Each structure stands twice: as structure tokens, then as C-alpha cells.
Amino acid sequence: MTKLIECVPNFSEGVNLDIIKQITDEVESVEGVRLLNVDPGKATNRTVVTFVGHPDRVIEAAFLAIKKAGELIDMGKHKGEHPRMGATDVCPLIPIANISMEETAEYAKRLAKRVGEELQFPVYLYEHAQADKKRNNLSVIRAGEYEGFFKKIKLPEWQPDFGPTEYDAKRGATVIGARDFLIAYNVNLNTTSTRRANSVAFDVREAGRVLREGDPINGKIITDENGKPKSVPGSLKSVKAIGWYIEEYGIAQISMNLTNIEVTPLHIAFDEACSKAAQRGLRVTGSELVGLVPLRSMLDAGKYFLLKQQRSVGVSDKELIKIAIVSMGLSELAPFKPEERIIEYLLKDKASSKLVSMNLADFADETASESPAPGGGSISAYIGVLGASLATMVANLSSHKKGWDNQWKVFSDWAEKGQQYKDELLKLVDLDTAAFNKIMEAFSLPKATDQEKATRTQAIQQATKYAIEIPFKVMQTAYDSMGVIKVMAETGNPNSISDAGVAALCARSAVIGAFMNVKINASGYNDKAFTSSIIAEGNKLEGNAIRLETEIIALVNLKIS
């Protein structure tokens, strides 16, 4: 399986789009690297770039980008709201797929060594790439910023990990490391006061605030018996935060880094910022994400805000994302476009969802064309989608039915299950056609020599097995969805009882239709022990689906007669 890492360098240029373009052109020049996002900020004078690929390719692209940034950006002239110390201020690597954090850290060290030796400017390691715990925190490394580093770099404890011990006046220094996925997140306030924004930031950030006598800002720092400043921790774990004023927007913000979204998710950070701001007489007006966000963060946020309203969370991903955007005001400063900001959407292979991306008319036309795919397998999966969707609709209508308020959570849970079956079956619509295409590709392989014939036969058998497994998965998923359908027929909104009946018809048809594909593909597979076992299981599923559909239809007819 292909190893995949993400790189999110921050460049100290957010105004000159030509400079930014020249840097990102270097990234795109490396084959196998995919540029996902470029997010410039005028007030911070900083651009966050995101790209992914195989680790070897990613660190090559990062090196070229760091080199180009050093050529084009003059740190002696740089001004911006965000803390910074170099043209490429920070360059983290993040493990995405099939690679450990330890391996990712080794790639970060390779990149840092090359930058220090070949480009000859100071490089510091941080987070998982830095063995010295006293200097693995980015904010500790960057303390003093560009202006203070001319003296700081001369201190024995702050010699760079790679490169010269002379500070580069033009390029500054850079920090390279390996870290977990981090969300950069700014919360907008109805104030222009940096001091007040900082107060809220100190309230929420894990490090909290230093204790002072009298005036909490200017008072004398209170120390412990060892002379170290005492502090009061903030309310959010794994959160770093500062307050600043953004002239471009005319407002102050709480700028947060969520370093562990398992500990403090996006929606909790937003709600806590709202609470602490209100305690200080301020109001949160919205927020903005810098760079990319995982899909799960948006879905969890959507569910969180729906649950607070006692509304069903069994809705589509699209609806959950919409709720999250509106609830957190993510489009207040600029439109939040999920297709451009959610990492899974950017990585998605559009070819893998060709059919489900079509409108109904185009799907029907594609099915009716002379092409043999999509065929009965994909259609069976889609019939199953419709059945699961109808059951989910009944659950949502029941959850929101007037007078049934005490049952909203029960029906919400059923709707969520229905959505899961629907989403799984949607994937299988395209997978079934992909399975058929694999067989066609295998049959088209050359067969001139004995070796070619053996390779072709093996490929045909592998593709055939896959073409058996996919419709069998359709059978299983469609049958499982009938559990939701039956409960909706028994306890759901009586005004939608006929919808539950139609759902049962769809689910049963999906099971029977998919089984036909299992059987016809099994006839061409040589492992008869495998085919006998799966056909026996298919017979059971088909029989159970027919019996369950009969029960549901009888119940529906009884209620509507």
C-alpha cells in the first residue's frame, strides 16, 4: 500500500500573489505530489500551503519550495501579525496513510539536513522529529522571532540542528518537524481590542496565563519558591491560542492551534471561546479555518449542534457540513467551500464515484446506453440506496413529529443507522461497475505466450472473485437495512407508513438482484469451495429478505387498510 504524508509549510508572504505562485509552482513541478490548498492571509502576511504524496516526493517538493521562498522573500522587510522567524517559517510533515509517526519524523530529519547543508541557513527540528524535549515546542523555538534571533542563535542551547550558527538576515531560519494533524482556527470577536482578545485566548488555551499581582496584564509576576512564574491553566487541553487584531477585517480574533482534535474537537473549541468571550462582555460573530480540515471534524460539529437542538443527526454528510458552517459562522469573512477545504474531498478520486455523481436523467441514460455497465449489479445497489433512504426519511420525520418529542433521540439513532446503510450502498453502485470493468480489462490482456496466458488467467480469476464479493456485499447491506425499515413500519410516523412499505420492496429487490450477479459471476470462478459457500450464504440472505419483506408489507397493508 502506498505511503502518504502531508506537508503544510507556512511561508512569510501573504500579499504578493506572484511570489506565492512561484513557490507553489515548485511544489507542482514534482511528479506524484498533489497541491491541495493555498491559503494566503494579508494581515498575517503569511501563506499556508498544503500538499500530499509519497514521502520521497513530498520532501523533494518541500525542499524546492523552501529554496524558492528563500530566494524571493526578504525577512528584513517582512511585517505581519503572526509570529515568524523565516521565509519558510515552519514546515511540518504529517502522516496520512500507511506510515508511522516515527517514519515521518525520519523524513523530516532528512529534509532538515538537506536544507541546512545545501541551502546554508539555520534549521531547527520540532515536535516528533526533535529528541530534545526542551526545544521541541514551536512557540519556544520561535520565541524572540526574527528580530531576536540574531542574538538567540549565539546561545549554546539554541544552536541550530542543521546549517550555520549565523543568522541569515534575508531568509531567517526555518523549523522542520513531524506532527499530528493540526487545525489552525481563528474565532472572530466583536471588538478591535487585542488586549481583550488575548484575555479570552488565555482563558481557553492549555498554557493559561501567568499569575500577576493586581493588574492581570501589567502587574508584577508571581513566582514560586524556585523563582519560576506561577500560572493558571486554561480550560481547553491541546490548544494553543493568542489574540490579535486583523486590520484587513477590522476585528480582533482568537487565533488557535488545535493540536489534538481527539482531545479538543473543533466544535468544543468554538463553544468554549463563545462562553469565555461572553463572560468578558464580548460576542463571537463567526470563525475561520486556515488551511484544510478533516471531514470527521465537520461531521462531528454538525452532529454536535443538531444534538444541542434535539434534532435528528441521521442526515447526509452535506447537511451536517452545512449545519457546522452556519453554526460556527465559517463563512463570515469568506465563503467556506467544502470541496476546497475538506481534505478527504480534495483527495477523492472523482473517477471512483462517476455514477453516483450523475443526476437521475444522466444515470438513466448511461444505464440505457449500449455500454454493458452500469448493469444489474449497480442498479441493485441503487435500489438498495433508495430503500435505505426511504427508511431514513421515515425515521427523521418521526424524530421531528409534533407530540413525539420524548422519542426524538430514538428515531435519530435509527436515522443515523439508515444513513450508514445508504452511504455504504452508494459506494457499491460504482464499485459494482468497477468490478465488471476489472473483468473486461483482465480478458483484454495479451495471451501470446504461456507466461502471458498464465498471467491473464490469474488476473481473470482475481477480477471474478472481486465481482462476486461486491454484489454479495450489496446483498448483506440491503438486508441489514431492512432492520431499520421494519422498525419504521412498526413504530414510525403513521403518515409515512407507505414509504416504509416501498422501502421494503426496494431492499428485497436489491438483495434478489444482487444475488443474480453473485451467481452468474460465480459460474466463472474456479474455486468451487468458495463459490459453494458464498452461494449457500446468498440463498439464506435471499430467503430471509423475502420473508422479512412479506412481514413488513403485511404490517403496512394492515395499517393503511
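Everything numeric here is computed off the predicted structure, so don't read it as measured data. All values below come from the heavy atoms of this structure, side chains included, with hydrogens, waters and symmetry mates left out.
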**Request:** Under the side-chain contact (heavy atoms from CB on, under 4.5 Å) rule, what do Gln253 and Trp244 come out as? Steps first, then yes or no, please.
**Result:** CA-CA 6 Å; Gln253 290 182 319; Trp244 60 28; 3.1 Å; yes
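- Looking at Thr264, its side chain does come within 3.5 Å of a backbone N or O of Lys237 through a donor-acceptor pair.
- Side-chain polar atoms of Glu127 and Asn136 form no donor-acceptor pair below 3.5 angstrom.
- Residues Ile242 and Pro83 are in side-chain contact: their nearest non-hydrogen atoms beyond the backbone lie under 4.5 Å apart.
- Side-chain contact check for Ile321 versus Leu299: some heavy-atom pair is nearer than 4.5 Å.
- At a threshold of 4.5 Å between non-hydrogen side-chain atoms, the residues Tyr466 and Leu431 count as touching.
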**Message:** Could you walk me through whether Arg142 and Asp89 satisfy the salt bridge (charged side-chain N to carboxylate O under 4.0 Å, His left out) test, starting with their C-alpha distance in whole Å, then the side-chain angles of each, then the deciding distance to 0.1 Å, before giving a yes or no?
**Reply:** CA-CA 9 Å; Arg142 197 163 51 194; Asp89 187 56; 2.4 Å; yes
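- Thr88 places no side-chain N or O within 3.5 Å of a backbone atom of Val90 that could act as its donor or acceptor partner.
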**Message:** Quick one, Leu307 with Val313, criterion side-chain contact (heavy atoms from CB on, under 4.5 Å). Give me CA distance, side-chain angles, the key distance, then yes/no.
**Reply:** CA-CA 7 Å; Leu307 287 171; Val313 300; 3.6 Å; yes
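- At a threshold of 4.0 Å, the pair Arg341-Asp39 counts as salt-bridged, since one of the basic side-chain nitrogens sits closer than that to a carboxylate oxygen.
- One N or O on the side chain of Lys170 and one on the backbone of Gly70 form a donor-acceptor pair closer than 3.5 Å.
- Between Lys348 and Glu344 no salt bridge is recorded (no basic side-chain N to carboxylate O distance below 4.0 Å).
- Using modelled atom types, one side-chain atom of Thr259 and one backbone atom of Ser238 make a donor-acceptor pair closer than 3.5 Å.
- Without hydrogens or angle criteria, Asn10 side chain to Val8 main chain gives a donor-acceptor distance under 3.5 Å.
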**Request:** Begin from the C-alpha positions of Glu106 and Lys109 and carry the test salt bridge (charged side-chain N to carboxylate O under 4.0 Å, His left out) through to its verdict.
**Result:** CA-CA 5 Å; Glu106 290 303 313; Lys109 292 174 188 176; 3.3 Å; yes
**Prompt:** Are Glu262 and Arg296 close enough, and set up right, to give a salt bridge (charged side-chain N to carboxylate O under 4.0 Å, His left out), and what steps lead you there?
**Reply:** CA-CA 11 Å; Glu262 298 294 328; Arg296 180 184 163 191; 2.8 Å; yes
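- The two residues Thr50 and Leu35 make their nearest non-hydrogen contact at O-CD1, 3.6 Å.
- Under a cutoff of 6.0 Å and an axis angle of 45°, Arg171 and Phe121 do not form a cation-pi pair.
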**Asked** Can Glu145 and Arg84 be said to form a salt bridge (charged side-chain N to carboxylate O under 4.0 Å, His left out), step by step?
**Response** CA-CA 6 Å; Glu145 296 191 47; Arg84 79 284 182 270; 3.3 Å; yes
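- Across every non-hydrogen atom of Ala62 and Cys7, the tightest pair is CB-SG, 4.0 Å.
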**Request:** Verify side-chain hydrogen bond (donor to acceptor under 3.5 Å, both in side chains) between Ser378 and Thr433, making sure each step is shown before the conclusion.
**Result:** CA-CA 6 Å; Ser378 290; Thr433 292; 2.7 Å; yes
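- A salt bridge does not link Arg57 with Glu60: every distance from a Lys NZ or Arg NE/NH1/NH2 to an Asp or Glu carboxylate oxygen is 4.0 Å or more.
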**Ile59 vs Arg110, side-chain contact (heavy atoms from CB on, under 4.5 Å): CA-CA, chis, key distance, verdict** = CA-CA 8 Å; Ile59 63 172; Arg110 277 175 50 185; 3.6 Å; yes
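- A donor-acceptor contact closer than 3.5 angstrom is absent between the side chains of Thr47 and Glu13.
- Listed here is the closest heavy atom pair of Trp158 and Lys152: CB-O, 3.3 Å.
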**Message:** For a side-chain hydrogen bond (donor to acceptor under 3.5 Å, both in side chains) check, start with the C-alpha distance between Asn188 and Glu332, then their side-chain angles and the critical distance, and finish with the verdict.
**Reply:** CA-CA 9 Å; Asn188 311 328; Glu332 183 191 13; 2.7 Å; yes
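- Counted by atom type alone, Gln130 and Asp161 present one or more donor-acceptor pairs between their side chains at under 3.5 Å.
- A salt bridge does not link Arg34 with Glu28: none of the charged nitrogens is closer than 4.0 Å to a carboxylate oxygen.
- Between Lys422 and Gln419, the closest heavy-atom pair is NZ-OE1, 2.9 Å.
- Looking at Asn257 and Tyr185, their side chains never bring a donor and an acceptor atom within 3.5 Å of each other.
- When the salt bridge (Lys or Arg N to Asp or Glu O under 4.0 Å) test is applied to Asp362, no partner is found at least two apart in sequence or on another chain.
- The residues Lys276 and Asp271 are annotated as not salt-bridged, no charged nitrogen and carboxylate oxygen being separated by less than 4.0 angstrom.
- No side-chain heavy atom of Tyr245 sits under 4.5 Å from any side-chain heavy atom of Ser193.
- Within the 4.5 Å cutoff, the side chain of Phe11 has heavy atoms near those of the Val49 side chain.
- Remark: Glu416 engages Lys303 in a salt bridge, criterion side-chain N to carboxylate O under 4.0 Å.
- In this structure, Asn186 contributes its side chain and Ser287 its backbone to no donor-acceptor pair below 3.5 Å.
- Donor-acceptor pairing under 3.5 Å is lacking for the side chains of Glu441 and Asn437.
- Using modelled atom types and a 3.5 Å distance limit, the side chains of Arg283 and Asn190 yield no donor-acceptor pair.
- Applying the side-chain hydrogen bond (donor to acceptor under 3.5 Å, both in side chains) test between Gln22 and each of Asp18, Thr24, Asp25 identifies Asp18 as the sole match.
- Closest heavy-atom contact between Pro95 and Thr104: CB-OG1, 3.4 Å.
- A distance-only check finds a donor-acceptor pair linking the side chain of Ser331 to the backbone of Phe336 [under 3.5 Å].
- Looking at heavy atoms from C-beta onward, Lys68 lies in side-chain contact with Glu71 at the 4.5 angstrom threshold.
- Under the 3.5 Å distance criterion, the side-chain polar atoms of Asn37 are left unmatched by any main-chain donor or acceptor of Leu292.
- Nearest heavy-atom pair, Val58 versus Val33, reported as atom, atom and distance to 0.1 Å: N-CG2, 4.0 Å.
- Distance alone, capped at 3.5 Å, places no donor-acceptor pair between the Tyr304 side chain and the Ile268 backbone.
- Annotation: the span from Arg205 atom CZ to Ser235 atom OG amounts to 12.0 Å, rounded to 0.5 Å.
- Going from atom CD1 of Ile342 over to atom OG of Ser297 covers 9.5 Å, rounded to the nearest 0.5 Å.
- Between Tyr124 and Phe149, the ring center distance clears the sub-6.0 Å criterion.
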**Asked** Leu189 and Val284: side-chain contact (heavy atoms from CB on, under 4.5 Å), yes or no, with the steps?
**Response** CA-CA 5 Å; Leu189 299 172; Val284 169; 3.9 Å; yes
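- Here the side chains of Pro160 and Ile153 are in contact, with some heavy-atom distance below 4.5 Å.
- A salt bridge links Glu103 with Lys3: at least one charged nitrogen is closer than 4.0 Å to a carboxylate oxygen.
- Taking the side chain as every heavy atom from C-beta outward, Leu425 and Leu428 approach each other to under 4.5 Å.
- Of the possible donor and acceptor atoms, one in the side chain of Ser29 sits under 3.5 Å from a partner among the backbone N and O of Glu26.
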